[in-house]
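Everything on this sheet refers to the single structure shown next.
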Amino acid sequence: MLRLHDSATGEVAPLALREPGKVSLYVCGPTVYDAPHLGHGRFSLVFDVLRRYLIFSGLEVTYVSNITDIEDKIIERAAERGITESELTAVYEGVWWDAMDALDVLRPDETPHATAYVERMVELVGDLLERGVAYETDDGVYLSVNEVPGYGLLARQSLESLRSGARIEAAEDKRSPLDFVLWKNAKPGEPTWDAPWGAGRPGWHTECVVMSLDLLGDGFEVHGGGLDLMFPHHENERAQAVASGREFARHWMHNGWVTVGGEKMSKSLGNFTSLSDLIDRSDPRAYRLLVLRSHYRSPIEVTPETVAQAEAGLARLDELARRFDLEDPLDQGPVLPGAVDSDAAGSAAVDGLATEAFVNHMDDDLDTAGALAVVFDLVRQANSAADAGDDAVAMQSARTAAVLVGALGVRLAGSDNGEIDDTAADLVRRRDAARAAKEWAEADALRAELEAAGWLVEDSAEGTRIRRR
RNA sequence: GGCGGCGUGGCCGAGUGGUUUAGGCAGGGGCCUGCAAAGCCCCGUACGGCGGUUCGAUUCCGCCCGCCGCCUCCA
């Protein structure tokens, strides 16, 4: 059984299901006012891996991740560009999904948009006002954190210590500096929606509260996001839910930072910050492997060097797929638990011990680095057995490696050698002839020519093989 | 000020109270190869510092040093 770290308790605990066999995840998605950066990529990959692993474990998974399409920054950015908010968000939502597809992140089962849920948010705020836990000011409606049981749970600090650390000016009409806005009263030029207490727009990520509870129901299993969302973003979501008498998420998961030079990545740093840049400059699978190589709660360094290391690891996996002519495990979507005991190719079944080791690592709060080590051990075993002529063992290890790596969402680029054009094909023919005639100088020259054209050249019993590099 | 995280061999990065050990990348030696490439085999004996607990600590405890993060809208 999967055990996960819970940000609310700081402890690793078994995933508690509402209903046997089913699990629901809500992951805070992007605010679409700009292109995604590496941090967005990381959380998407982390929770995609979780989702795939839950499916691999045999659970029926419902995965919801929102698009926040109304927010201060959206309004500002749209105004700067002289376009409407919806024009702006349409553009960046498109960029978002392109990046997700490139990373092989599965589309969520539902992707609710904040603007489609404003009515429900109005109901929630109305309910909170009725219950007397929220109050109106000239600016809007605020939640009174003193009325919320356990406020500070995710910050893991008491209300008192939070209050003492508050660096904001004790604002306007707020009763407590920690009270936060649920509804912002209308300002000229801003999008507004009607509400009984006055037109305006939603405040503190009320959409996540409404959408998660609407789509997944009370007490859904996992709520996740980046570490920076823990407080105050998620704290405030929880506060709204709890204050309205609802049971919110059972587990809170937060992934660590992407760092650059040891510091939290920020938009002003480095040129590797854009997710699209990374995808363009490197094998998109490299980022997944990079994310997988470290624990999801640890910071990761994304540098040209670490990306290159990941690509080198990928090359090793691809080489395995090529050697054993393995199918891409992702071709049929997420890898299902049946993959480990089926015998689809009519070849040896998978390595049970290795699979068990893999599962043990993953069940331990997603020790993907350990799980990956199991996979690489299998790669070596497969090659080693094949070198020794033990094809049955080799095939079993290779198949197991493919299934397990597929369970993590890593695609194998086995047989895709790139299109071999006529010029290259001709060079290959001439090289084979030269080699047959033992004209080594000529063969070497032809190899150099192929390499200069971007081909990776390998000799084999069947003759010269080339593929794109 | 409050709260939290981290410091592992050239690099990245797991893990553990003690028998052999992560794993990847890079590097050295070897096998294979016409030469390569790929693959395989062998090699580095690492855990910030100082104490403590212990038969024994990188792993537990304390202190120190260094780095990083959160404390109102940042994944």
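Lettering of chains follows the sequences in order, A, B, ..., and the numbering in each one begins at 1. Keep in mind it's a predicted model, so treat the numbers as computed, not measured.
- Across all strands shown, A/Arg201 has no heavy atoms under 4.0 Å from either base or sugar-phosphate atoms.
- The shortest distance between side-chain heavy atoms of A/His113 and A/Thr89 does not fall below 4.5 Å.
- If you measure from atom CG of A/Leu372 to atom C1' of B/C12, you get 12 Å, rounded to the nearest angstrom.
- Counting only heavy atoms from C-beta outward, the side chains of A/Trp252 and A/Arg238 approach each other to under 4.5 Å.
- If A/Ser294 and A/Lys184 are placed on RNA chain B by their nearest nucleotide, the residue sitting closer to the 5' end is A/Ser294.
- Here, B/C3 and B/C64 have their P atoms 15 Å apart, quoted to the whole Å.
- Between A/Glu235 atom CD and B/C74 atom P there is a gap of 15 Å when expressed in whole angstrom units.
- Taking 3.5 Å as the limit, the base of B/C71 and the side chain of A/Gln157 contain no donor-acceptor pair of atoms between them.
- Here B/G24 presents its P atom at 16 Å from CG of A/Asp318, a figure rounded to the nearest Å.
- B/G7 and B/A14 have their P atoms separated by 8 Å, given to the nearest Å.
- Pair assignment for B/C40: B/G30, on the basis of Watson-Crick or G-U wobble contacts that are both within less than 3.5 Å.
- Contact annotation for A/Gly226: backbone-only contact, meaning every heavy-atom pair under 4.0 Å involves sugar-phosphate atoms and none involves a base.
- Between the side chains of A/Glu235 and A/His233, no donor N or O sits under 3.5 Å from an acceptor N or O.
- Using a 4.0 Å heavy-atom criterion, one finds that A/Arg42 contacts no nucleic acid atom at all.
- For A/Arg293, the listed nucleotide lying nearest its side chain is B/C12; candidates were B/C73, B/G34, B/C12.
- Of all nucleotides listed (B/G69, B/C73, B/A36), B/C73 comes nearest to the side chain of A/Lys73.
- Ring centroids of A/Tyr63 and A/Tyr26 are separated by 6.0 Å or more, keeping the two rings apart.
- Side chains of A/Arg163 and A/Asn146: a donor-acceptor N/O pair is present below 3.5 angstrom, by distance only.
- Nucleotide B/U16 forms a pair with no other nucleotide shown, judged by Watson-Crick or G-U wobble geometry with both contacts under 3.5 Å.
- Here, B/C12 and B/C71 have their P atoms 28 Å apart, quoted to the whole Å.
- Partner assigned to B/U21 is none, using Watson-Crick or G-U wobble distances below 3.5 angstrom.
- In this pair, A/His223 and A/Phe248 present their aromatic rings tilted. The plane angle is within the 30 to 60° band.
- Looking at heavy-atom distances under 4.0 Å, A/Asp364 makes no contact with the nucleic acid at all.
- Set against B/C12, B/C73, B/G15, the side chain of A/Thr306 has B/C12 as its closest nucleotide.
- Pair assignment for B/G1 gives B/C71, based on Watson-Crick or G-U wobble hydrogen-bonding distances that are each under 3.5 Å.
- Across the C1' atoms, B/A75 and B/G69 are found 14 Å apart, a figure rounded to whole Å.
- Taking atom CG of A/Asp228 as the reference point, atom C1' of B/C73 lies 11 Å away to the nearest angstrom.
- Residue-level contact check: A/Gly10 touches neither bases nor backbone, having no heavy atom under 4.0 Å from any strand.
- Both A/Asp377 and A/Gly29 lie near RNA chain B, and the one whose nearest nucleotide falls closer to the 5' end is A/Asp377.
- A/Asp367 comes within contact range of the sugar-phosphate backbone alone, with a heavy-atom separation under 4.0 Å but no base atom that close.
- A donor atom on one side chain and an acceptor atom on the other are found under 3.5 Å apart for A/Thr464 and A/Arg431.
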- prompt: Which letters describe nucleotides 37-48 of chain B, given B = protein heavy atom under 4.0 Å from base, S = only from sugar-phosphate, - = neither?
  reply: BSSSS-------
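- Among the protein residues, A/His295 comes within range of the sugar-phosphate backbone only, with heavy atoms under 4.0 Å from sugar or phosphate atoms but none that close to a base.
- For A/Arg281 and A/Glu311, the salt-bridge test fails: no basic side-chain N is under 4.0 Å from an acidic carboxylate O.
- One C1' atom belongs to B/G2, the other to B/U58, and the distance between them is 31 Å to the nearest Å.
- Using N1 to N3 plus N6-O4 or O6-N4 for Watson-Crick, or N1-O2 and O6-N3 for G-U wobble, each under 3.5 Å, B/C50 pairs with B/G62.
- If you take atom P in B/C70 and the same atom in B/A22, they sit 34 Å apart, rounded to whole Å.
- Taking CG from A/Asp139 and NZ from A/Lys187, the interatomic distance works out to 7.5 Å, rounded to the nearest 0.5 Å.
- With rounding to whole Å, A/Ile300 atom CD1 is found 10 Å from B/A14 atom P.
- With C1' as the reference atom, B/C67 and B/G49 are 15 Å apart, rounded to whole Å.
- Using a 4.0 Å heavy-atom distance criterion, A/Ser158 is classed as making no nucleic acid contact.
- Distance check on atom P: B/A46 versus B/G9 gives 10 Å, rounded to whole Å.
- A stacked arrangement is not assigned to A/Phe376 and the six-membered base ring of B/G23, the conditions of a centre distance below 5.5 Å and an interplanar angle below 30° not being jointly met.
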